[in-house]
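As structure tokens, the structure follows; a few thoughts come after it.
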Number of protein chains: 2
Amino acid sequence: MGVSERKAREKLRRKQNIIDAAEDVFFTQGFENSTMSQVALKAELSKGTLYLYFKSKDEIYSAIILRSFHILQQHLEQVLTDCAALSGFRMLEKVAEAYIKFAYEFPNYFNTILDYENSDFDLKNLEGEARRALEAGNGVIDLLVNAIRKGQEDGSIRPSLEATEMAFVLWSQLTGLLQVIRKKMDIISHYFSIQKDNLLQTHLEIMKKGIELLEWKSNESKDTIRPLRSDE
Amino acid sequence: MGVSERKAREKLRRKQNIIDAAEDVFFTQGFENSTMSQVALKAELSKGTLYLYFKSKDEIYSAIILRSFHILQQHLEQVLTDCAALSGFRMLEKVAEAYIKFAYEFPNYFNTILDYENSDFDLKNLEGEARRALEAGNGVIDLLVNAIRKGQEDGSIRPSLEATEMAFVLWSQLTGLLQVIRKKMDIISHYFSIQKDNLLQTHLEIMKKGIELLEWKSNESKDTIRPLRSDE
DNA sequence: TTCATAAAATGACTGTAAGTCAATCATTAG
DNA sequence: CTAATGATTGACTTACAGTCATTTTATGAA
């Protein structure tokens, strides 16, 4: 008969509509300054109805976080597909660049990822949208792990570091830097004369030296002393 | 006559009492779950009185953040004093270790620093306790900048990277990693078999390779290919 | 000691927003 | 057409941040 299937589809669609409306409201006014009534108005539903689809305001936000990770994951997967011919290390560089690009092209989605990173997750917390968001985040880590493994096999990445550990470290470090840039750059630049592009450049250079594995050639020992900046 | 001086001192002391009480309440129950009435009760004052000393609940939290940065700064300064004889790079390593130690010895203060890092600061936002917290944070960065400059002068740190930029990158990266460890480690370990100590170890190894400047000796080119793990 | 003035403290009150639920409306199937 | 099931509603409850008219306490001059 297909009635229950249709119902289920409609329920899904309405859930997505609510998330769309919530994104609109939250991204415009900020999560704290937004009310469920505003979301309801935008979704053309009553406040009570929202609670038939989501347990709480936070649950809606978790659904947006889940979206953010899915979008990020799609972008990173695209990059990895496009760069399949490159070395594992080069792929990892491309992924880092893609994450940085994501942070600037989708500032609102990136902000939700930052909120996710700062939220406490304990095992009780872990159900519904929140669990799905976590697993989507883990999916992004898996992409990194694969690139790192490839790099360790093709000899472009130091094999002495365990791939999963390295993936978490790289993800956490870059997210930390992007967080400072996003949240504090405007103000910091009143105290220090630094620019976000230079911070990212510095990060990428340090990481390159930190994880890349170079073939041994005596005239290329990049770790050794040099008179001046190697840039440009 | 000294009356107004005494008044000012008493005002300061009572402000600190309120912060003490707020720490107690916020650290026990979490900021969101705490009420101003609870803080007032703990401080043995009425709710209204709190607002004579602080503009808002957030303002009290900012005062706690300020404390956190002061405590961290004191610890890092102590380490830098103790290690004055070491190379700039070794000092930087010691500072990183001290920051990690701080995160574990003062979990509540460290958590407030994480909240600070995730909070939006725009120029209007920037007054009162919040401004002081920001400047205390900048003080920590200055410590790093000095160690880096020293390392670049004594030849232990790559001179090609600008010291202030590098300080921000190092601070942001390590904070990012500590954030993931603090907020997600419990749950992540149900999906990946990783341990916090290994993540920190990996981070420190990568950073060492990334920023340390080595004297050129052909038998020490650490970046070159090697058959197996170099650990142990 | 007394009293007027100012400073500090109070807690009942207001406004706002998350979340609930009894009542209403819509859909389906017999 | 109608009963039953499911979806929707918005007035209501609860909780808390922040306010302010009133009360209490401290100060210093007479």
Salt bridge between A/E127 and A/K55, side-chain N to carboxylate O under 4.0 Å?
yes
In whole angstroms, how far is the P atom of D/dT8 from the CZ atom of A/F54?
13 Å
Rounded to whole Å, please give me the gap between OH in A/Y53 and P in D/dA7.
7 Å
Would a distance-only check, ignoring hydrogens and angles, find a side-chain to backbone donor-acceptor pair under 3.5 Å from B/S119 to B/Y116?
yes
Report yes or no: does B/K184 contribute a side-chain atom to a donor-acceptor pair with the main-chain N or O of B/Q179 at less than 3.5 Å?
no
Has B/S68 got a side-chain atom pairing as donor or acceptor with B/I64's backbone, closer than 3.5 angstrom?
yes
Distance in angstrom units between B/R14 CZ and C/dA8 P, rounded:
8 Å
In whole angstroms, how far is the C1' atom of D/dA17 from the OH atom of B/Y61?
18 Å
In whole angstrom, give the distance that lies between atom OH of A/Y51 and atom P of C/dA22.
18 Å
Could you state the atom-to-atom distance from CG of A/L41 to P of D/dG10 in whole Å?
11 Å
May I have the distance from A/Q38 (atom CD) to C/dA17 (atom C1'), rounded to whole angstrom?
10 Å
From CD of B/E44 across to C1' of C/dT10 the rounded distance in Å is 15 Å
Which nucleotide sits closest to the side chain of A/K47: D/dT8, D/dA17, C/dA18?
C/dA18
Regarding the side chain of A/L52, the nearest nucleotide among C/dA17, D/dT9, C/dA8 is D/dT9
Donor-acceptor pair under 3.5 Å: do we get one between B/K57's side chain and the base of D/dG18?
no
At under 4.0 Å between heavy atoms, what does B/T49 touch on the DNA or RNA strands: base, sugar-phosphate, or nothing?
base
